[in-house]
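What follows is a single structure, written as structure tokens, with notes after it.
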Number of protein chains: 2
Amino acid sequence: MPVERKAGEGGGAVVGFRPLYRQVKERLVRRIAAGEWQAGRIIPSEFQIAAELSVSQGTVRKALDEMTAENLLVRRQGVGTFVASHDEDRILFQFFKLTRDDGGREFPDSQVLAVERARANAEEAARLSLARGSHVVRIHRLRSLGGAVAISEHIAVPAARFPDLERSEPVPNNLYGLYGGRYGVTVARATESLKAVPCPEADAALMGIAPGMPVLLIDRLATDLDGQEVEWRVSLCRTDRFHYLSDLK
Amino acid sequence: MPVERKAGEGGGAVVGFRPLYRQVKERLVRRIAAGEWQAGRIIPSEFQIAAELSVSQGTVRKALDEMTAENLLVRRQGVGTFVASHDEDRILFQFFKLTRDDGGREFPDSQVLAVERARANAEEAARLSLARGSHVVRIHRLRSLGGAVAISEHIAVPAARFPDLERSEPVPNNLYGLYGGRYGVTVARATESLKAVPCPEADAALMGIAPGMPVLLIDRLATDLDGQEVEWRVSLCRTDRFHYLSDLK
DNA sequence: TAGTGGTCTAGACCACGAA
DNA sequence: TCGTGGTCTAGACCACTAT
């Protein structure tokens, strides 16, 4: 692998130092981002990658280690290394934090109420870093846990990255799986901001609770491998029989 | 380092396999738990530890890597490796998730309203895994962010692990620092369970908000290096000007 | 300049899963 | 049985910090 720069060479001041394994890592991440390595598929062995990039196997391993720690890859001893996919387990434990009070974790059902394509309003454009006049696809759905409606969810994504999403029939329950599988868009990270708010009348009616009852408002911004905003999602959650689980380590 | 067991030896069925670096890690964690290595202090170099345990430096490094990833250690290149302490930054970014809506992060002030020692009630005993009749120390305090009261907080800890805590004058703002510094109790992890609830009258009066207003209830159970419950804390948080930040990776 | 952690390499062997 | 990832070692050199 052609090393980008080396300290002590060239005589110029060394602005920074980028370890070889990080250069390797970036190239491999780019392969996933470009769709060259697809979600769920196996990638070449450590030795194959090392040979291809003219780098030692240990260096490749360190790159893969970091990518595994970031949930981009999944290793299976004796089998190989795979590109992480947004299967039910990953969504459930990595991206879905609402849990039944009795402790049972399950993936919520979805009932889609509306899907539309429209020009982004000011807030959507700002949150998704879109140019004026860009379009978004909006989805409104209800989600149930243990048979009871628990969440009223409004979603907005850039229409340009998800062509014809509004014509999907039906909209699948696992949206991140769709983003990856059909559009090659990998949701790598998300930031959630939580508030307790009085439930608006419309959502209260849909969820079968009294208007004004305290609900948990989750404002989530999801980004792809390049840090680009991919989805803005606002979820109103009942927390009378559910709670949001957060582990601090 | 005496290796615990080795696969293929002794003829018996190999129940499990514990890598050497994990055995090293456990011994080192125990040193922190026992107070042999104190919070904020430097630990011996990788080569010194390796020599002492008759293990290669690479194996020690892997153990230290994991401990660093778990926020038990902090490495400083060119200087050495240190036992992590609950300083302001760590509390702020690892254990305190409430943020001003304008994005500014700060460590909250505290105003202690009450400290008492008493027999644990049923719920405290259950949450802290205490025997019947055990004592707890309870602390009730208000916490402010940006000059405004934001949190009403009830804390319970096992009195046995924190002797004379109720006679501390004053109770410091950074409790986890006190737990570690004075009592040698390291808070390693915490689990938070969040709900939106109507604010009880008493807390509403203290926080200067209308009773019944939705507030965020954070139920936190903190555990030490051995997984033992160390503190149960229930915080009621205003979220009209603040929000709880959660990063999903 | 000395000492620490950080990177990179190379090779040996082990545990695991699939064929 | 084979190929994969996982562990362990050993040694060289680099970057960073304190003195």
Side-chain angles (χ1 to χ4, degrees), chain A residues 1-28 41-69 72-84, chain B residues 1-10 12-28 37 41-69 72-84:
Chain A
M1 174 153 178
V3 174
E4 203 166 71
R5 67 192 133 200
K6 220 170 186 171
E9 276 180 7
V14 177
V15 239
F17 170 70
R18 270 262 282 319
L20 190 49
Y21 75 86
R22 278 199 192 276
Q23 300 175 39
V24 171
K25 179 184 168 190
E26 275 178 32
R27 288 177 70 143
L28 303 187
R41 301 281 187 77
I42 195 170
I43 69 173
S45 75
E46 297 180 346
F47 275 106
Q48 285 175 288
I49 297 173
E52 187 202 341
L53 301 182
S54 303
V55 144
S56 84
Q57 178 249 7
T59 299
V60 171
R61 166 157 302 194
K62 189 143 192 199
L64 298 186
D65 279 347
E66 282 205 356
M67 293 171 73
T68 302
L72 297 181
L73 298 176
V74 177
R75 315 185 89 137
R76 290 174 56 197
Q77 187 174 163
V79 185
T81 303
F82 299 77
V83 180
Chain B
M1 174 152 177
V3 174
E4 204 164 70
R5 66 191 136 202
K6 221 169 185 172
E9 274 181 7
V14 177
V15 239
F17 170 70
R18 270 263 282 320
L20 191 49
Y21 74 86
R22 279 199 191 277
Q23 300 176 38
V24 171
K25 179 183 167 190
E26 274 176 34
R27 289 178 69 143
L28 302 186
W37 286 351
R41 302 281 187 79
I42 195 170
I43 69 172
S45 75
E46 298 179 346
F47 275 105
Q48 285 175 287
I49 297 172
E52 186 201 342
L53 302 181
S54 304
V55 146
S56 84
Q57 178 249 6
T59 298
V60 172
R61 166 155 303 196
K62 189 143 193 197
L64 299 186
D65 279 346
E66 283 204 356
M67 293 170 73
T68 301
L72 297 181
L73 298 177
V74 176
R75 314 184 90 137
R76 291 174 55 196
Q77 185 175 140
V79 185
T81 302
F82 299 76
V83 180

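We name chains A, B, ... by the order of the sequence lines, and we start the count at 1 in each one.
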Between P of C:dG6 and CD of B:Glu46, the distance in whole Å: 7 Å
DNA chain C: 5'-proximal contact among A:Gly58 and B:Arg75 (nearest heavy atom): B:Arg75
Rounded interatomic separation in angstrom, taking CG from A:Leu20 and C1' from C:dA10: 15 Å
Spacing between B:Ile49 atom CD1 and C:dT4 atom C1', to the nearest angstrom: 12 Å
With A:Lys25 via salt bridge (charged side-chain N to carboxylate O under 4.0 Å, His left out) - residues at least two apart: A:Glu66, A:Glu70
Whichever of B:Gln48 and A:Val60 has its nearest DNA chain C nucleotide further upstream toward 5': B:Gln48
Atom-pair distance (CZ on B:Phe82; C1' on C:dG5), nearest Å: 11 Å
Minimum-distance nucleotide to B:Lys62 side chain [options: C:dG5, D:dG5, D:dT7]: D:dT7
Collect all protein-nucleotide pairs involving nucleotides 16-19 of chain D in which both atoms are nitrogen or oxygen and the distance is under 3.5 Å.
unit_1	atom_1	unit_2	atom_2	d
D:dC16	O4'	B:Gln77	OE1	3.0

Nearest-neighbour nucleotide for the A:Ser56 side chain, D:dC8, C:dG5, C:dC8 considered: C:dC8
Closest heavy-atom pair and its distance - B:Phe17, B:Pro19: O-CD, 3.6 Å
Spacing of A:Arg22 atom CZ relative to C:dG6 atom C1', expressed in whole Å: 11 Å
All side chain to side chain donor-acceptor pair (under 3.5 Å) counterparts of B:Ser56, not counting sequence neighbours: B:Thr59
OP1 or OP2 of C:dT9 under 4.0 Å from side-chain N/O of A:Thr59: yes
Pairs flagged by salt bridge (Lys or Arg N to Asp or Glu O under 4.0 Å) wherever residues 73-83 of chain B is involved - sequence neighbours left out: B:Glu46-B:Arg75, B:Asp65-B:Arg75
Rounded interatomic separation in angstrom, taking CZ from B:Arg61 and C1' from D:dC8: 14 Å
Side chain to side chain contact (heavy atoms under 4.5 Å, CB included) partners for A:Gln48, two or more places apart: A:Pro44, A:Ser45
Nearest-Å distance for atom pair CD1/P, residues B:Ile42 and C:dT4: 9 Å
Minimal non-hydrogen separation, B:Val24 against B:Ala63, with atom names: CG1-CB, 3.8 Å
Set of side chain to side chain donor-acceptor pair (under 3.5 Å) partners for A:Thr68, sequence neighbours left out: none
Touch class at under 4.0 angstrom, heavy-atom based, for B:Tyr21 against every strand present: sugar-phosphate
